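Report on the structure given below.
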Amino acid sequence: MQGLRICSTDVVQLDLTPPPSPPPPPPPSSSSSMSTNAITGAGLSIDEEESTETRIQRLISEHPVIIFSRPSCCMCHVMKKLLATIGVHPTVIELDDHEIASLPQPSPAHDNLSSQNPPAPAVFIGGTCVGGLESLVALHLSGHLVQKLVEVGALGALVMA
């Protein structure tokens, strides 16, 4: 499968760079079935004709909690562990450096992050960039993380006794 590399049972490495242009297809015959340029695996679908930015946006919109990380990122591991202790198992996509540059920038509330250096790992909850590990921990310590996860359907509603 081009573009999809499974790294472990809970991490999928996804190459978002467009593949080289394929040779032109042969003329259609009456008995040929319709082919597609999509790859599907591990709950992810990839349209080879999508740009990197479009793929990232689509993945963000399709998954309630998604982390974009660099390979072997220890901060990503801590993010996954924090979310797992709450009961959420996020989708984790490992990106190369040139793919990380295509990540959407955090909101202006994250002024301490340079626009020239996108955060990695970056966690998105409900389609919104929360930021990196520090922002995720701050959201948790403030008591708003669980509420946000419930709102986006990543965590079942909690019954308060």
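Count residues from 1 along the sequence. Computed from a predicted model, the values in this text were never measured in an experiment.
In this structure, CE on Met79 lies 8.0 Å from OG on Ser135, to the nearest 0.5 angstrom. Once rounded to the nearest 0.5 Å, the distance linking CD1 of Ile56 with OG of Ser61 reads 12.0 Å. Note that the CG atom of Leu136 and the CG atom of Leu82 stand 5.0 Å from one another [nearest 0.5 Å]. Separation of atoms CD1 (Ile125) and CD1 (Ile66) is listed at 12.0 Å; rounding is to 0.5 Å. Considering OG of Ser69 and CD1 of Ile93, their distance stands at 10.5 Å, rounded to 0.5 Å. Here NE2 of His77 is found 12.0 Å from OG of Ser72. Values are rounded to the nearest 0.5 Å.
Nearest heavy-atom pair, Val88 versus Ala154, reported as atom, atom and distance to 0.1 Å: CG2-O, 3.6 Å. Summarising the geometry of Val152 relative to Pro64, their closest heavy-atom pair is O-CB, 3.9 Å, with the distance given to 0.1 Å. The shortest heavy-atom contact between Cys76 and Val92 is SG-CG1, 3.7 Å. Residue Ile60 comes nearest to Gly127 through the heavy atom pair CG2-CA, 3.6 Å, listed as atom of the first residue, atom of the second, then distance. Contact between Val150 and Gly156 at its shortest, heavy atoms only, is CG2-O, 3.6 Å.
With respect to the salt-bridge test (charged N to carboxylate O, under 4.0 angstrom), the residues Arg70 and Glu94 do not qualify.
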Item to complete: Test side-chain hydrogen bond (donor to acceptor under 3.5 Å, both in side chains) on Ser102 and Glu53 and set out the steps.
Response: CA-CA 6 Å; Ser102 298; Glu53 294 82 6; 3.3 Å; yes

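The closest side-chain heavy-atom distance from Glu62 to Thr91 is not below 4.5 Å. With a 4.5 Å cut-off on side-chain heavy atoms, Leu155 and Val65 do not count as touching. Side-chain contact between Leu95 and Thr52: absent, with no pair of heavy atoms (C-beta onward) separated by less than 4.5 Å. Between Pro121 and Cys73 there is a side-chain heavy-atom pair separated by less than 4.5 Å.
Here the side chain of Gln147 pairs no donor or acceptor atom with the backbone of His144 at under 3.5 angstrom.
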